[in-house]
Amino acid sequence: MTDVTLRRTQLATPASDEKMMHSAADSDADEVFLDLEDSVAPNAKPDAREPLIEAAREEDWSDKVLSFRMNGIDTEWWYDDVITVVGAAGESIDDIIIPKVKSASDIHTVENLLRQVEVNNGLEVGAIGLEPQIEDGEGIHNVHDIAHASDRLSSIIFGPGDYSAAMGTPGLDIGQFPEYPGHYWHHALSECNSAAKSAGLPCLDGPYADIEDADGFRQSAERANMIGCDGKWAIHPSQIEIGNDVFAPDPETAERAKRIVDAYAEAMEEGKGAVSVDGQMVDEATNKMAQDIVETAEAAGIL
């Protein structure tokens with residue numbers, strides 16, 4: 001058995017849409033976040049908290065991570081987002097996604113309020129995790145400090161949409177730059193992943209906006225996976241199956257990784273520093289990679 005928490009797909013669901021939240025609870029996404037930020041109109045944000053609370057408390061989320069995305073700390077809504085939602089549904093919430101995080105102090109600001117809400121409502125202090133979303137140049141510059149800002153952190157998320165706006169990139173399609181000779185977000189996503197892994201956290205890529213372009217979504221997910229990311233947003237249920245497939249090892253790779261782990265453990269017992277598996281030399285670095293694959297495969301039910 002493994003205690004790995006899968007985050008292959010993170011399904012974005014507007015908190016103002018009760019039907020979509022109900023459907024999200026029945027989806028195969030590893031994580032669902034109920035969104036109070038970009039997908040909810042400004043004049044609807046306060047009213048969207050109650051449907052979110054109702055969905056969090058009444059739907060069955062036991063087979064997935066349930067989070068909600070608050071509004072940014074530079075807005076008028078974030079304070080009441082935390083107090084109202086956590087105060088009423090904190091026992092059902094696993095994580096809070098914090099958008100547009102620029103520095104470690106943003107994490108501390110939310111964490112301090114969250115702790116008081118937990119104490120005042122008799123909740124377990126520290127049980128709710130935080131997922132900072134990196135969406136501009138300042139956030140990328142400070143991402144390593146952000147990743148180590150709190151023990152509550154459970155992932156680092158890259159947000160390509162607002163990052164595009166902040167960087168002044170051409171185009172209007174989030175996550176899509178087919179003419180660019182390479183992976184458009186390689187640097188930014190690599191920085192996020194490096195910071196996340198230095199803190200022992202998963203890194204998640206953001207959305208791919210064209211929900212009818214399944215091949216494009218798969219390619220975007222595969223590029224993020226090659227960098228080392230652990231999952232990607234799904235903004236439509238049709239993207240979930242693809243994301244779950246891309247960010248899980250295929251059965252053949254999983255079986256080979258299991259052979260490597262078993263053979264290396266046996267070699268260590270015999271005092272050997274390396275061993276040959278399937279005609280290739282395996283050392284400690286290879287064993288660590290194989291262990292990660294085995295843990296993910298077990299969590300995904302592949303092994």
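The shown structure was predicted, so the numbers you read here are calculated from the model rather than taken from an experiment.
Through direct or indirect side-chain contacts shorter than 4.5 Å among Ile, Leu, Val, Met, Phe, Trp and Tyr, M289 is connected to no other residue. Under a 4.5 Å side-chain heavy-atom cut-off, the cluster of Ile, Leu, Val, Met, Phe, Trp and Tyr residues that includes I211 is completed by I235.
Linking ILVMFWY side-chain heavy atoms closer than 4.5 Å, directly or via other members, places M70 and W61 in a single hydrophobic cluster.
Residue S155 is tested with Q10, E131, E31 for a side-chain hydrogen bond (donor to acceptor under 3.5 Å, both in side chains); the sole match is E131. With respect to D95, the salt bridge (Lys or Arg N to Asp or Glu O under 4.0 Å) criterion is satisfied by exactly one of R69, R7, R152: R7.
Relative ring orientation between F33 and W233 is described as tilted, the plane-to-plane angle lying within the 30° to 60° band.
Between the side chain of K100 and the main chain of D136, no donor-acceptor pair closer than 3.5 Å is present. Between the side chain of N142 and the main chain of K102, a donor-acceptor pair closer than 3.5 Å is present. Looking only at distances, a side-chain donor or acceptor of D30 sits under 3.5 Å from a matching main-chain atom of R8. A donor-acceptor pair under 3.5 Å links the side-chain atoms of Q239 to the main chain of Y208, judged by distance alone. With hydrogens and angles ignored, the 3.5 Å screen pairs no side-chain donor or acceptor of N121 with any backbone N or O of L123.
Applying the 6.0 Å contact sphere to CD of E59 captures more than 12 heavy atoms from other residues, nucleotides or ligands. In the displayed structure, N225 atom CG is contacted under 6.0 Å by more than 12 heavy atoms of other residues, nucleotides or ligands. The number of heavy-atom neighbours closer than 6.0 Å to NZ of K197, taken from other residues, nucleotides and ligands shown, is above 12. For E91, the CD atom is loosely surrounded, since the number of other residues' heavy atoms within 6.0 Å does not exceed 12.
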### Query
Step by step, would you call T84 with D80 a side-chain hydrogen bond (donor to acceptor under 3.5 Å, both in side chains)?
CA-CA 6 Å; T84 303; D80 286 331; 4.9 Å; no

### Message
Apply side-chain hydrogen bond (donor to acceptor under 3.5 Å, both in side chains) to residues S220 and K232 and explain how you reach the verdict.
### Response
CA-CA 9 Å; S220 181; K232 182 173 177 62; 3.1 Å; yes

### Message
side-chain hydrogen bond (donor to acceptor under 3.5 Å, both in side chains) for S67 and D94? Distances and angles first, verdict last.
### Response
CA-CA 6 Å; S67 56; D94 295 305; over 6 Å; no

### Task
Assess whether side-chain hydrogen bond (donor to acceptor under 3.5 Å, both in side chains) is satisfied between N71 and K45, documenting all intermediate values.
CA-CA 9 Å; N71 286 282; K45 289 180 185 293; 2.9 Å; yes

### Query
Between I157 and I134, does a side-chain contact (heavy atoms from CB on, under 4.5 Å) hold up when you go through it step by step?
CA-CA 6 Å; I157 303 169; I134 309 302; over 6 Å; no

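With hydrogens and angles left out, the side-chain atoms of N193 and S190 include no donor and acceptor closer than 3.5 Å.
Here the closest heavy-atom approach between residue L153 and residue L201 is recorded as O-CD2, 3.2 Å.
Each ring pair (Phe, Tyr, Trp, His ring centres under 6.0 Å) pair with one or both residues in residues 106-154, not counting sequence neighbours, would appear here, but there are none.
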